[in-house]
2 protein chains.
Amino acid sequence: MIYKLDKLDTRILNILQKDASLSTKDIAEQIGLSVSPTHERIKRLKSEGYIEKYVALVNREKLGKHLLVLCTVTLKEQSIETLKNFEESVTQFKEVLEVLCIAGGQDYLLKIVVDDVDDYHTFVVTHLSSLSNISTLSSSFVLKEIKRETAFHLNFYL
Amino acid sequence: MIYKLDKLDTRILNILQKDASLSTKDIAEQIGLSVSPTHERIKRLKSEGYIEKYVALVNREKLGKHLLVLCTVTLKEQSIETLKNFEESVTQFKEVLEVLCIAGGQDYLLKIVVDDVDDYHTFVVTHLSSLSNISTLSSSFVLKEIKRETAFHLNFYL
DNA sequence: GGACAATTCAGGATATTTTATTGAATATCA
DNA sequence: TGATATTCAATAAAATATCCTGAATTGTCC
């Protein structure tokens, strides 16, 4: 069921990853097709899961979320049960935007967004540190977000 | 000028951050307004920079980007010139989706997306390690992306 | 308190876009 | 070569975005 994407599909994905507010007509012109097939391709890319969703990206600072924190967590045990339990718990916190399981040492990296330092302290004390099986917890404040990009650059390989 | 957003604005932003493919009509119904003022608010939020852009989020694995790497970089010197030079260079690599300047040790964390380990090796050798003033370079492979969220949860404070 | 100004809203008119349908052109394969 | 499937363009319709007008609300200053 792996549908092979052609050059036009990858071009559509590259365009929509950068600007999803473009009309089908605009995209059609860029890739050199008419509106109908362009629309069907976009619809197919969505329905087949290549496009997961369309979202608005907002300005973090302007909306009062001044603090971005990277938090490294190691667990006491590494049983499947423990890992799964931790993952499900930490995923539910709205302050935690990303959870990555890192190779080497079996630990996790969390990306956390909060208003300020006070807010972060409250979050750690009342939510994060109360999770069971946490061994160590190390927080690094982000001084500056130099680049934030959600688009992967896709190439079409024959 | 600081908090000119009201409750309806924050609700709109929360909705659009999760699903930007909703029609103005849908959003209007959710927040209890008619289409016109809802449309005006969305347009204003965009023009005033609260909404930076609309994008399509794609499925990384399905599109052949199988390897996500976190790379920590420290520089030899920390002069403003050196930092700026590094930041401008590393930002231009399409494989590098995020560049964060981290407190403590004056170093950087890069989020890098590539096809596979071979691809990563090529990237490091031909691009990353050839940058000047790099002191140390430590790569951590991501075993599993447990949560990826782009939406901040916004509250309206009186 | 009253009147004016500014803001925010709803409803409707129009332009644009999305979406579905049809048939033609092209490619595929026996 | 002939049949089948795929991809495309063109058209029409439905839905939506966008603009405009006037009413209601709020805030402000006499």
Side-chain angles (χ1 to χ4, degrees), chain A residues 1-59 62-64 150-151 153-158, chain B residues 1-59 62-64 150-151 153-158:
Chain A
M1 287 305 148
I2 298 175
Y3 183 79
K4 187 88 166 104
L5 299 179
D6 64 11
K7 187 172 184 178
L8 293 176
D9 290 325
T10 60
R11 289 185 65 189
I12 290 173
L13 290 174
N14 282 329
I15 293 169
L16 284 177
Q17 282 187 98
K18 286 176 190 157
D19 188 357
S21 69
L22 294 171
S23 68
T24 310
K25 190 178 147 197
D26 292 329
I27 297 169
E29 286 171 4
Q30 284 193 45
I31 67 173
L33 272 185
S34 68
V35 173
S36 305
T38 304
H39 176 256
E40 290 188 2
R41 280 168 182 268
I42 295 171
K43 201 171 62 176
R44 197 196 66 227
L45 290 168
K46 179 72 164 59
S47 72
E48 292 183 351
Y50 294 100
I51 295 172
E52 292 182 346
K53 56 181 174 177
Y54 298 96
V55 301
L57 298 182
V58 302
N59 188 308
K62 270 191 133 169
L63 293 167
T150 55
H153 185 267
L154 301 174
N155 286 309
F156 172 66
Y157 302 110
L158 188 79
Chain B
M1 201 69 170
I2 295 181
Y3 276 122
K4 48 196 298 192
L5 298 182
D6 62 9
K7 187 172 183 177
L8 294 175
D9 290 325
T10 60
R11 289 184 65 189
I12 290 173
L13 289 174
N14 282 329
I15 293 168
L16 284 177
Q17 281 187 98
K18 287 178 190 156
D19 187 356
S21 69
L22 294 170
S23 68
T24 310
K25 188 178 149 197
D26 292 329
I27 297 169
E29 286 171 4
Q30 284 193 46
I31 66 174
L33 275 184
S34 69
V35 173
S36 303
T38 304
H39 176 256
E40 292 291 329
R41 281 168 180 267
I42 294 172
K43 202 171 61 176
R44 198 195 67 227
L45 290 169
K46 180 71 163 58
S47 71
E48 292 183 350
Y50 294 100
I51 296 172
E52 291 182 347
K53 56 181 174 177
Y54 297 96
V55 300
L57 298 182
V58 301
N59 189 308
K62 270 190 134 168
L63 293 167
T150 54
H153 185 266
L154 301 174
N155 285 310
F156 171 66
Y157 301 109
L158 186 78

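All chains are named by letter (A, B, ...) in the order of the sequence lines, taking the proteins before the strands, and each is independently numbered beginning at 1. Since this is a predicted model, take the numbers as computed values, not measurements.
To the nearest 0.5 Å, the span separating NZ on B:Lys53 from CD1 on B:Ile51 amounts to 13.5 Å. To the nearest 0.5 Å, atom OG1 of residue B:Thr38 and atom CG of residue B:Leu33 are 4.5 Å apart. Here the CG-CG distance, from A:Asn155 to B:Leu63, works out to 12.0 Å after rounding to the nearest 0.5 Å. Distance NZ/A:Lys43 to CD/A:Glu40: 6.0 Å, rounded to 0.5 Å.
Taking five base pairs at each end of the helix from C:dG1-D:dC30 to C:dA30-D:dT1, the local helix axes there meet at an angle of 30°, rounded to 10°.
Taking 4.5 Å as the limit, some side-chain heavy atom of B:Leu5 sits within range of a side-chain heavy atom of B:Leu45.
Nucleic acid contact class of A:Ile42 (heavy atoms, under 4.0 Å, all strands): none. Here B:Arg41 lies in heavy-atom contact (under 4.0 Å) with sugar-phosphate atoms only.
With sequence neighbours excluded, the residues forming a salt bridge (Lys or Arg N to Asp or Glu O under 4.0 Å) with B:Glu52 are A:Arg148, listed by chain and number. For B:Thr150, the side chain to side chain contact (heavy atoms under 4.5 Å, CB included) criterion is met by A:Val55, A:Leu57, A:Thr150, B:Leu57, not counting sequence neighbours. Among residues two or more places apart in sequence or in another chain, the side chain to side chain contact (heavy atoms under 4.5 Å, CB included) test is passed with B:Ser21 by A:Tyr54, B:Asp19.
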Listing, residues 7-18 of chain B side-chain donor-acceptor contacts under 3.5 Å, not counting sequence neighbours, or none:
from: B:Asp9; atom 1: OD1; to: B:Arg41; atom 2: NH1; distance (Å): 3.0
from: B:Asp9; atom 1: OD1; to: B:Arg44; atom 2: NH2; distance (Å): 3.1
from: B:Asp9; atom 1: OD2; to: B:Asp6; atom 2: N; distance (Å): 3.2
from: B:Asp9; atom 1: OD2; to: B:Arg44; atom 2: NH2; distance (Å): 2.8
from: B:Thr10; atom 1: OG1; to: B:Lys7; atom 2: O; distance (Å): 2.7
from: B:Arg11; atom 1: NH2; to: B:Gln30; atom 2: O; distance (Å): 2.8
from: B:Asn14; atom 1: OD1; to: B:Leu154; atom 2: N; distance (Å): 3.0
from: B:Asn14; atom 1: ND2; to: B:Thr10; atom 2: O; distance (Å): 3.3
from: B:Asn14; atom 1: ND2; to: B:Leu154; atom 2: O; distance (Å): 2.9
from: B:Gln17; atom 1: OE1; to: B:Phe152; atom 2: N; distance (Å): 2.9
from: B:Gln17; atom 1: NE2; to: B:Leu13; atom 2: O; distance (Å): 3.4
from: B:Gln17; atom 1: NE2; to: B:Phe152; atom 2: O; distance (Å): 2.9

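The minimum heavy-atom distance linking A:Ala56 with B:Ala20 is given by the pair N-CB, 3.7 Å. Scanning both residues, B:Gly49 and A:Asn59, for their nearest heavy atoms gives O-CB, 3.4 Å.
Look at CD1 on A:Ile12: it is 13 Å from C1' on D:dC8, rounded to the nearest Å.
Running 5' to 3' along DNA chain C, contacts with non-hydrogen atoms of chain B at under 4.0 Å begin and end at C:dC9 to C:dG12.
Mapped onto DNA chain C by nearest heavy atom, A:Ser21 and A:Glu40 fall at different nucleotides, with A:Ser21 at the one closer to the 5' end.
Within the 4.0 Å cut-off from OP1 or OP2 of D:dT18, at least one side-chain nitrogen or oxygen of B:His39 is found.
Sorted by residue number, the members of residues 27-37 of chain B with any non-hydrogen atom under 4.0 Å from DNA chain D read B:Val35, B:Ser36.
Residue pairs meeting the salt bridge (Lys or Arg N to Asp or Glu O under 4.0 Å) criterion with at least one member in residues 21-33 of chain B, sequence neighbours excluded, do not occur.
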For nucleotides 13-16 of chain D, which of its nitrogen or oxygen atoms have a protein nitrogen or oxygen under 3.5 Å away, and what is each distance?
none

With the criterion being N/O to N/O and under 3.5 Å, what pairs connect the protein with nucleotides 23-27 of chain D, and how long is each?
none

